[in-house]
Amino acid sequence: MTDPLTPAGTPAGGLLLPQQNQHRNLLDLSGLWHFQLDPGEEGEAQGWSTALPAPRPIPVPCSWNDLYDDARDYLGPAWYAKDFWVPPGWQGQRVFLRVGSANYAARVWVGGALVTEHLGGHLPFVVEITQELTWDRPNTVAIRVENLQLPGRVPPGPGPSGGGVAGVLGGYPATTYDFFPYAGLHRAVVLYSTPAGYIDDVTARTSIEGTDGVVHVRVKSVWHGAGQGQGKLRLADLEADLSFQNGEAAATLRVPAARLWSPQDPHLYPLTVTLEEDGRVTDAYTLDIGLRTVEVRGDQLLLNGEPVFLKGFGKHEDFPLSGRALNLPMWIRDYALLRWVGANSYRTTHYPYAEEAMLLADRLGVLVINEIPAVGLNFEDPQELTDARLAQCLQQLRELIARDKNHPSTVLWCVANEPMGGPLLGTGDPVPAAVESGLAFFRELYGEARRLDPTRPVTLVGVQGGPLEWHGLFDVVAINRYYGWYTHGGRLEEGARAFARELDELHAMFGKPLMVTEFGTDTLPGVHATPPEMWTEEYQSEFLRGFLDAAAERPFVAGMQVWNFADFKTGQGTSRAAGMNFKGVFTRDRRPKLAAHMLRERWGGKGDG
Ligand code: BDP
């Protein structure tokens, strides 16, 4: 019998965030690396994996695009290299290299030997490098990263049918999505060590029985011996024994009078897993978990059994100079502003965000819709492209769930943003063959998400005027709507009425909770008009107000997320002034527009930011 907690097809090893404790070590290789563009694709043949011939300095993590003029629109291969010593105290342990995010395709060499490859720009990958290391001189790590927009990738490059919203908008560099194709090593590259037998993965699932919080924990370990062994789980003053068979063990803890995790009280319990040999602890791993449940009942979304409403935004990992890379000052400021404006949620549009962002969301009580990078899918493209994209989507979904399954803040998985199956925005009917192809594709993704994680609802975000059939497969209906902007321009009231009408139609059609995961208007800061005109601060504010009013009268609407939290960089094109999407309610440097003040009043924002 297949255990649903350890399904086939998950990444070979676990993706636990590395940590330092008395049994394991951690060395962050962030800092200055050597960097070289490789437009002639000669690096592999020329042995750049051992030394770069003409390197320039680059920080890791960082996108390469905003740093050097010739790198701005460059998407081909580029090389990163760094020398490092392994601390002598690590000898006798197993040593791993973990890359937090290499966008999009990566090949990694240690000491000139190719050790791993990875596809997909926003999820970590790990390789053991114990055998490749030297201890008496520095080691060299070289990583080749490229971000070509190829049609078989996810997100796809433009296929024969063009693609996505950006395909309609045009733009340079050509993408199928409406954000800048930042590239490079976007998160930390770390070395970590473990004992020979180590904890490889932990899955903690929580439920509520009366006032008890129940935590079911499954642990995967890698043993140097026969795959048997002992261990323990600890949570507060509770303890349970783990007895491993073939490297796996499970136990359940029951927390009486549990303090449940919620945005109002984001209480976390530290859960510690240990391995033991002859009564001696040989490895330990601690993670903070939240006791909470999420479920869909009828047309309601429930957190801990009570209806919950998501107020918030779609966002981007986007900031000048650092591009899409982990930028902790940005995250700390963004969480402060989410609180200031009274939001309790965001969606990781349109790719998984940094692990640090997820940890902060757990700690601060922010509800996250966690999305794979499936943006710009077009089901009018040939089936072989669809098949290649499905394989990539499945891999990224597995990696995302492996990485983020223990975060209480993740309340929904999202498997795609605005897939297309024909004309957009009501300009024509969906194409039946594309709709069919999408149905098969999404049935598979939905099934995989539920198989890997039966504890969270799953959604798909639909585009205005796109096929509605696909929503029927999912637990929550999520839609992006721009009545009053891309349609009904300049006519706010008419737009809000069309929006309200569609909400009622979708509710009648599906009877499921409905979320509006994008609505917004481009808004130039400092530009005003009364009566409101498109692109002004008044227009944005009134547009958002109209949508919020319509949703407030409809109890089946479980969330309203404004597009976007902040202005962000896009490619260049006629509808993106200065290469920017201006739909932020904050500017790119996080100053509030009029709409931010309106939202704060409406959402009861607290604090001084
Ligand atoms: C939606 C997309 C989003 C775009 C937004 C817009 O999901 O990525 O940035 O429209 O046009 O279609 O601003």
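Here the structure is a predicted model, which is why all the values come from computation and not from measurement.
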So, do [X] and [Y] sit near enough that their side-chain heavy atoms are less than 4.5 Å apart?
X      : Y      : value
Tyr446 : Val415 : no
Val60  : Leu29  : no
Pro158 : Thr175 : no
Ile199 : Val219 : yes
Ile143 : Arg107 : no
Asp200 : Ser221 : no
Leu185 : Pro61  : no
Leu148 : Arg153 : yes

Are a donor atom and an acceptor atom from the side chains of [X] and [Y] found within less than 3.5 Å of each other?
X      : Y      : answer
Asn581 : Thr570 : no
Asn480 : Asn417 : yes
Tyr104 : Gln392 : yes
Asp66  : Tyr182 : yes
Asp83  : Thr140 : yes
Asn327 : Ser322 : yes
Gln149 : Tyr177 : yes

[Y] ring center within less than 6.0 Å of [X] ring center:
X      : Y      : value
Tyr80  : Trp48  : no
His186 : His122 : no
Tyr346 : Phe565 : no
His350 : Trp563 : yes
Trp64  : Tyr68  : no
Trp79  : Trp109 : yes

For [X], is the [atom1] atom crowded, meaning more than 12 foreign heavy atoms sit under 6.0 Å from it?
X      : atom1 : result
Arg450 : CZ    : yes
Asp69  : CG    : no
Gln383 : CD    : yes
His23  : NE2   : yes

State whether Arg56 and Asp70 are salt-bridged, where the test is any N-O pair (Lys NZ or Arg NE/NH1/NH2 against Asp/Glu carboxylate O) under 4.0 Å.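 So Arg56 pairs with Asp70 through a salt bridge.
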What's the spacing between [X] [atom1] and [Y] [atom2] if we round to 0.5 Å?
X      : Y      : atom1 : atom2 : answer
Leu364 : Asp362 : CG    : CG    : 9.0 Å
Glu418 : Thr176 : CD    : OG1   : 11.0 Å
Arg324 : Ser101 : CZ    : OG    : 9.5 Å
Leu321 : Ser63  : CG    : OG    : 10.5 Å
Arg403 : Leu17  : CZ    : CG    : 9.0 Å
Leu394 : Arg389 : CG    : CZ    : 14.5 Å

Give the minimum heavy-atom separation between [X] and [Y], together with the two atoms involved.
X      : Y      : answer
Glu132 : Ala113 : CG-CB, 4.4 Å
Cys62  : Leu67  : SG-CD1, 3.8 Å
Val461 : Arg347 : CG2-NH1, 3.5 Å

Describe, in one word, how the ring planes of [X] and [Y] are oriented to each other, choosing from parallel (under 30°), tilted (30 to 60°) and perpendicular (over 60°).
X      : Y      : value
His118 : Phe125 : parallel
Phe442 : Phe379 : perpendicular
Tyr353 : Tyr351 : tilted

Between Glu448 and Arg443, is a salt bridge (charged side-chain N to carboxylate O under 4.0 Å, His left out) present by the stated rule, with each step listed? CA-CA 9 Å; Glu448 187 66 355; Arg443 200 171 287 124; over 6 Å; no
Derivation of the salt bridge (charged side-chain N to carboxylate O under 4.0 Å, His left out) call for Arg590 and Asp567: CA-CA 8 Å; Arg590 276 43 181 181; Asp567 296 340; over 6 Å; no
Candidate pair Asp522 and Lys583, rule salt bridge (charged side-chain N to carboxylate O under 4.0 Å, His left out), full reasoning: CA-CA 4 Å; Asp522 282 277; Lys583 294 195 187 69; 2.7 Å; yes
